[in-house]
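A short worksheet on the structure shown next.
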Protein chains: 2
Amino acid sequence: MKRPTVTIKEIAKLLNVSKSTVSRALRDSSEISTETKKRVLELAEQLHYAPNPIALSLLKNKTQTIGVIVPDIANRFYSSVIGGVEDISYSRGYHTMIYQSHELLERELAVTRHLALRRVDGLVVAISSQSEHVDHFNDLQEQGIPVVYFDRVNELMASHKVQVDDYKGSFEATEHLIAQGCKRIAHIAGPKQVSISRNRLEGYLDALRKYKLEIRDEWMLHTEITQAGGTERTYQLMAMRDRPDAIFGASERITMGIHLALRQLGYRMPDDVAVVGFCDLAMSMLMDPPVTSVTQPSFAMGQQATTLLLDLIESNNTPVVFETRVLPSNLLIQGSSLRKS
Amino acid sequence: MKRPTVTIKEIAKLLNVSKSTVSRALRDSSEISTETKKRVLELAEQLHYAPNPIALSLLKNKTQTIGVIVPDIANRFYSSVIGGVEDISYSRGYHTMIYQSHELLERELAVTRHLALRRVDGLVVAISSQSEHVDHFNDLQEQGIPVVYFDRVNELMASHKVQVDDYKGSFEATEHLIAQGCKRIAHIAGPKQVSISRNRLEGYLDALRKYKLEIRDEWMLHTEITQAGGTERTYQLMAMRDRPDAIFGASERITMGIHLALRQLGYRMPDDVAVVGFCDLAMSMLMDPPVTSVTQPSFAMGQQATTLLLDLIESNNTPVVFETRVLPSNLLIQGSSLRKS
DNA sequence: CTGAAAGCGCTTACAG
DNA sequence: CTGAAAGCGCTTACAG
């Protein structure tokens with residue numbers, strides 16, 4: 001049943017020329033006669049010849065393939081980034097392999113090793129929240145496989161980075177809560193070691209400072225980037241003698257958890273507690289009330305990271321200085337925080 | 001800066017033996033002296049030698065890699081299936097490449113072509129809603145690349161299939177609505193050409209028949225599998241002179257749209273309109289009220305499809321008869337349809 | 001027990 | 001303009 005694949009060799013035999021000639025004709029080399037080219041091309045077409053990319057990879061040590069590693073593809077932010085990656089890589093003739101680290105350093109290492117062996121031409125990566133170092137990626141770069149980072153970035157990364165203006169997004173979100181008259185604003189942040197958690201926390205703190213609102217340690221909680229984490233911390237916050245009158249969630253999952261917990265506990269949003277989060281638009285609109293969100297240009301992040309990566313791949317010399325692009329976030333005000341004055 | 005990769009050739013040179021010997025030692029062949037093996041293994045270890053999988057692929061026409069094609073990775077159902085696929089393939093020493101068709105036949109064809117050339121060992125596929133034929137996959141199978149289908153299956157597929165008991169899930173969901181006292185039950189189905197849409201429609205119809213409820217053509221609407229589709233159709237339904245008192249959505253996206261539309265239009269669930277859908281548990285719990293859902297064992301579907309695929313790959317002979325596994329769905333009753341009696 | 005040779009599918013200097 | 005040869009990294013009959 002197996003239909004054998006057509007190779008250059010067969011075409012050569014059928015046409016009574018050498019493999020070299022066929023190869024050259026196929027690549028439209030100028031040193032082949034128009035006549036020969038025509039015969040080769042016609043037969044190739046007829047036989048549905050397609051070059052074997054594996055043979056080419058072995059030869060060139062290139063695969064025309066880039067890898068993307070994200071913590072979790074089910075997360076809308078990442079799946080939308082992947083959309084942007086595919087958009088650019090597809091249009092520039094590359095293929096995209098998608099991998100998840102499941103937020104585990106161990107999986108990230110395994111995937112990295114695999115991709116290095118498979119000779120992907122480059123990588124677009126959001127590191128796992130467990131990854132405190134990026135030696136494995138730096139190794140890759142030394143092997144000549146460029147990496148571009150997005151979303152989660154840190155100072156150890158010796159490459160291009162694309163991130164969102166977390167600090168500013170967070171500052172504005174907090175400022176908005178203050179403008180709504182909230183005085184006791186809590187923040188549920190992601191893990192401490194994740195850079196974006198720190199930036200978002202800073203933005204929150206600076207806004208409180210600017211408007212001289214009370215800063216309380218017990219209102220700044222860290223948790224895993226999960227819905228359950230958000231729910232748990234909300235219970236913790238609302239159980240306090242001095243309850244917050246607003247909660248700002250540092251990620252979509254966390255914010256979903258906050259929303260759920262407040263509903264379970266019988267609070268009304270925004271009047272009892274105002275809520276703001278870093279959410280995807282589509283997601284925030286599904287909630288009741290819809291959640292005021294710091295939205296991130298995820299698709300564009302994927303596009304920009306990929307453009308940087310392909311440029312890196314296609315220029316043979318390493319750039320002297322790496323670029324960090326900071327894309328603007330956007331505050332979308334919804335019912336969860338908008339109080340009728 | 002580029003650190004060259006270690007090859008068998010170098011090890012051979014350093015040890016003053018032939019490449020053949022190194023290769024054999026590495027594969028622990030019985031015809032190599034323990035002494036030589038030890039020297040080779042030690043040096044390989046020291047040099048961090050890893051075999052080049054591309055060379056092996058070229059040689060064996062095998063890649064130890066399987067592909068998954070789903071319409072959309074952002075869909076929780078599919079991302080959870082992918083989790084199950086990864087679980088099995090990882091534990092059996094295979095790698096997983098994830099691709100999306102974006103519900104476009106054209107993209108599905110491009111991906112299929114690419115995977116065939118890249119010599120994946122097999123494929124786990126949920127076809128796009130545009131795909132009315134599966135010739136491209138049957139071609140693949142003729143080339144010796146087995147395919148296992150899940151979720152969206154049809155009669156044209158000459159292979160193993162893993163699906164959920166759509167008909168029964170749909171029947172039970174409708175029965176539940178009837179038990180809640182609903183009399184005018186509408187159904188918003190997916191595209192007609194998708195098999196699961198048809199099965200779900202049948203389950204709905206048979207339940208109505210069994211309990212002798214009114215069946216009305218204008219209460220059975222088809223739409224794309226999108227939230228916007230669900231919203232649009234709900235507006236259409238609720239605008240009718242004879243409004244339904246329950247709406248059953250054939251997919252998660254559609255059901256989200258129904259929920260949103262009803263809230264926008266000011267209806268209360270479940271009292272004005274009861275709602276049931278095919279949703280992911282985590283998703284349905286986020287809604288207010290939470291949505292009664294026919295939940296599917298998505299992770300298990302991925303596991304089973306992958307087990308079938310790897311067995312197919314590893315047994316050289318095509319099985320005489322293909323298996324269709326039908327996994328049970330589960331009705332999870334929530335606030336959107338549960339009326340206090 | 002070990003090595004030389006052929007080959008997987010392709011490209012590309014090197015000759016002619 | 002065309003072909004023979006070498007080589008990408010590996011494996012495996014075939015000799016010895």
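Naming convention: chains lettered A, B, ... in sequence-line order (proteins, then strands); numbering from 1 in each chain.
- In this structure, a donor-acceptor pair under 3.5 Å is absent between the side chains of A:N154 and A:Y149.
- B:T36 comes within 4.0 angstrom of the backbone, heavy atoms only, and of no base.
- In plain terms, the two heavy atoms of B:A116 and B:L140 that are nearest each other are CB-CD1, 3.5 Å.
- For the residue pair B:S101 and B:S128, no side-chain donor N or O sits within less than 3.5 Å of a side-chain acceptor on the partner.
- A donor atom on one side chain and an acceptor atom on the other are not found under 3.5 Å apart for A:S20 and A:S23.
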With the sugar-phosphate defined as primed atoms, P, OP1 and OP2, and the base as all remaining atoms, what B/S/- string results for nucleotides 9-16 of chain C, 5' to 3', for protein heavy atoms under 4.0 Å? BBBBBB--

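- Atom pair A:K38:NZ and D:dC1:P shows a separation of 16 Å (rounding to whole Å applied).
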Please convert DNA chain D into dot-bracket. A pair counts if it is Watson-Crick or G-U wobble with both distances under 3.5 Å; crossing pairs go in [ ] and bases paired with another strand get |. |||.||||||||.|||

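- In this structure, a donor-acceptor pair under 3.5 Å is absent between the side chains of B:H95 and B:Q64.
- Looking at B:S89 and B:T96, their side chains do bring a donor and an acceptor atom within 3.5 Å of each other.
- Using a 4.0 Å cut-off between a side-chain N of Lys or Arg and a carboxylate O of Asp or Glu, B:E314 and B:R92 qualify as a salt bridge.
- Using atom P as the reference point in both C:dC8 and D:dT2, the two lie 25 Å apart (nearest Å).
- Between the side chains of B:S131 and B:E108, a donor-acceptor pair is found at a separation under 3.5 Å.
- C:dG9 and D:dC1 have their C1' atoms separated by 24 Å, with the value rounded to a whole Å.
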